[in-house]
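One structure is given below, encoded as structure tokens.
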Amino acid sequence: MLGRATDSHGLTAETITPRVKSAVDKYILRDDPQASAEVIQDFIDKLQADDLCLIVACEQGNQKAWTDLVERFSATVRSAARSASSNEEGAEDLAQSIWAELHGLRVREDGKPAGKLAYYSGRGSLAGWLRAVVAQLAIDQHRKQSRLVQTEEDADFDRIIQHGQDETTWSGHGASPNPELQISAKLAGAQMQKALAESVKQMSAEDRLLVKLYYFDGLRLREAGAVLGVHEATASRRLTRIHAELRQQVEMFLIEREGWTQPETAQAFSEVALSLEADIEPLLATEPVLMKKENEVAG
Amino acid sequence: MKQANNNEVDLLLRALARERTSAARQSGSDGGDAENISSDHLDADELNSYAEGLAPAPARARYTEHLADCAACRSVVVGLTQAAGVANRLEAPEQTRGAGFWQRLGEFLSPKVLGYAIPALVLAAVIGIGFVALKQREGTQFVAQNERPVEAPLAAQNKSDSAPGSAAQPQASVQNGIQSGTTSELPREKSALEGEKLQAPLRIRDLMHWNLKPPRPLHQRLSSTLRNPLSLPKNVLKSAKISHAIRTRLSACKRMTCMGPIVPEVIPRNL
């Protein structure tokens, strides 16, 4: 490990070993306590030796290493702060506070500062880790300032499911003059909404993440695929498969739990979709993000 | 029908996303316990290793589970992925790895590709044929030109064998060469002609080249084939279409050779 580093900053095996062991525990032994020596060795071989030595040297109080760290990564930190902040002044404050967070304002039991440097494992690049630290700090600051509370999305789905049972939000026959038909259509829409929310919750984590990235976060397929580590074309194929599976699950849910028939589900799908298509048109005129997604679907 | 089904589910998912967003806003304004949720978030190191695709598979699956349900961590990972330029790195391997042989063949034979490929192939074929024809024409000229230095010593030798001071050296050498071998070489020439080897007539042709300078283009020589067949190069003489006519003409030439010195210009034009 030290041999791979171009500048070991005077570190010895005793100082670097606990850090490497901590990384192995975190990424390998936690999920597979019986991991083979080859797997562990491969993991260690892929650690960023230079970056890890620099960070450990900073943690050890090496002033030259600190100077090196600030010189090499101050531009990265400023760039990340600008991306995370809504204004230039906030970005500058955030960038300044990062170095204090890295160094640590409190002192640990061993007398060394309890900064965030202790959490860098060397698995990813140091620049990426610094960006992540800046982004997390920005979210924390934003929460404290605006008292905006992050909610669990599972709870949101539960709320939607509950909402679907109580009220009627999707209306398949909104333009129908017959009140009885209107009520039944609204009820059908609500049941479909509930079934879809349930189906999304039951999907695999990988598929659910793709749905969240594409539909809920408004990312393009290329961006969503990059998060998952797959190409845009692969993400598109997965989304097509997810559509088919979701439809099957929703139909099964409606037939088995709500007592619908097959023709009723097919009719409800088309009518609710028609209604939603009509509802979405005014939004498309005002929301560029939605328009972008529609174009991707059409393309 | 399948596409219509997909569009229906697509629309339903969009509506569900809108519904969830409004529900989250509503619950956010009502308040909640943010610290409990924050304690379960991925740390910066985990987020970065996920975004750069460096997390081991079991750990990655665990992080995926969390990211699917945590918008805050997801937003950080999305930002890190874009900053790392992961999308650009994914493109090239995916294109080469994903396509099988039949898929690539199908793409190659698609109408869009063939629309450009067929005209390009026709153009390439025309250029190729023209190039080959040009090379063939140049080749015939080179045959004539390249043979001269070889023929020169032969002519010089014939010249030394013949009487010095002769005014028509080539003709004399022809006369000398052919006359000296009239009885012995004629059967050999006949057999060579029958086998389309054309060894003996080449000496006459070579001497004609010695006199004809510079060599004329092929089409001009072809027009005078019947009048003077021995002026043609070997590869033209081997041509199946004209070999019969030339063979007839060569036989006539040889008959005249038996009777006396041969001069191409004296071959009757009506033969």
Side-chain angles (χ1 to χ4, degrees), chain A residues 27-28 31-32 43 83 119-121 123-125 128-129 131-133 135-136 139 143 148-154 156 159-160 169-170 192-193 196-197 205-206 208-209 211-213 215-217 219 222-223 226-227 229-231 233-234 240 243-244 246-247 269-270 272-273 276-277 280 297, chain B residues 2 5-17 19-21 23-24 27-28 31-34 37-38 41 43-45 47-49 51-56 58-59 61-62 64-65 67-72 74-84 86-87 90-91 94-95 98:
Chain A
Y27 284 102
I28 302 289
D31 297 296
D32 182 13
F43 177 83
S83 301
Y119 298 100
Y120 177 65
S121 69
R123 183 60 181 172
S125 68
W129 179 74
R131 283 194 202 98
V133 170
Q136 284 197 319
I139 290 171
R143 280 204 196 109
L148 183 66
V149 178
Q150 167 67 32
T151 61
E152 286 282 12
E153 291 187 335
D154 273 354
D156 293 339
R159 203 172 295 112
I160 289 169
T169 51
W170 294 355
M192 286 188 74
Q193 187 183 24
L196 185 62
E206 191 98 356
R208 201 162 68 248
L209 179 56
V211 167
K212 294 285 181 67
L213 290 167
Y215 288 104
F216 292 68
D217 299 341
L219 263 63
R222 186 169 186 265
E223 297 163 339
V227 173
V230 297
H231 186 254
T234 308
T240 305
H243 285 156
L246 274 178
R247 186 179 173 103
F269 258 108
S270 58
V272 169
L276 289 172
E277 204 162 15
I280 220 167
V297 169
Chain B
K2 191 178 178 182
N5 292 347
N6 285 346
N7 288 342
E8 287 167 8
V9 177
D10 180 76
L11 286 166
L12 291 170
L13 281 168
R14 290 183 197 288
L16 184 67
E19 190 71 21
R20 190 207 62 80
T21 308
S27 65
D33 188 359
I37 298 161
S38 181
H41 287 313
D43 66 32
D45 198 62
L47 291 169
N48 183 45
S49 65
E52 293 185 351
L54 297 171
R62 186 156 42 86
T64 302
E65 193 78 40
L67 289 170
D69 296 325
C70 179
R74 226 166 39 229
S75 68
V76 177
V77 166
V78 168
L80 293 173
T81 306
Q82 290 170 349
V86 175
L90 284 170
E91 281 184 344
E94 184 78 15
Q95 283 173 349

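Here is how names work: the chains are called A, B, and so on, in the same order as the sequence lines, proteins then strands, and each is numbered from 1.
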Intermediate values then yes/no, side chain to side chain contact (heavy atoms under 4.5 Å, CB included), B:L47 and A:Q136: CA-CA 10 Å; B:L47 291 169; A:Q136 284 197 319; 3.3 Å; yes
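- A:K212 approaches B:A68 most closely through the heavy-atom pair NZ-O, 2.6 Å.
- B:E65 and A:A205 get closest at one heavy-atom pair: OE1-CB, 3.4 Å.
- Separation of atoms CG (B:L12) and NE2 (A:H243) is listed at 9.5 Å; rounding is to 0.5 Å.
- Among all heavy-atom pairs drawn from A:A135 and B:V76, the shortest one is CB-CG1, 3.9 Å.
- If you measure heavy-atom distances from A:S83 to chain B, you find no contacts under 4.5 Å at all.
- If you take OH on A:Y27 and CG on B:L54, they are separated by 9.0 Å, rounding to the nearest 0.5 Å.
- Only the backbone of A:Y119 comes within less than 4.5 Å of a heavy atom in chain B; its side chain stays farther off.
- Although no hydrogens or angles enter the test, the distance criterion places a donor-acceptor pair under 3.5 Å between the side chain of B:N48 and the main chain of A:S125.
- Contact record, B:T64 with A:L209: CG2-CD2, 3.9 Å, taken as the closest heavy-atom pair.
- Between A:R208 atom CZ and B:L67 atom CG the span is 11.0 Å, to the nearest 0.5 Å.
- Atom CZ of residue A:F269 and atom CG of residue B:L11 lie 11.5 Å apart, to the nearest 0.5 angstrom.
- Taking chain A as the reference chain and counting heavy-atom pairs below 4.5 Å, the highest number among B:L80, B:D45, B:D43, B:T81 is found for B:D45.
- Contact record, A:G128 with B:E52: CA-OE2, 3.9 Å, taken as the closest heavy-atom pair.
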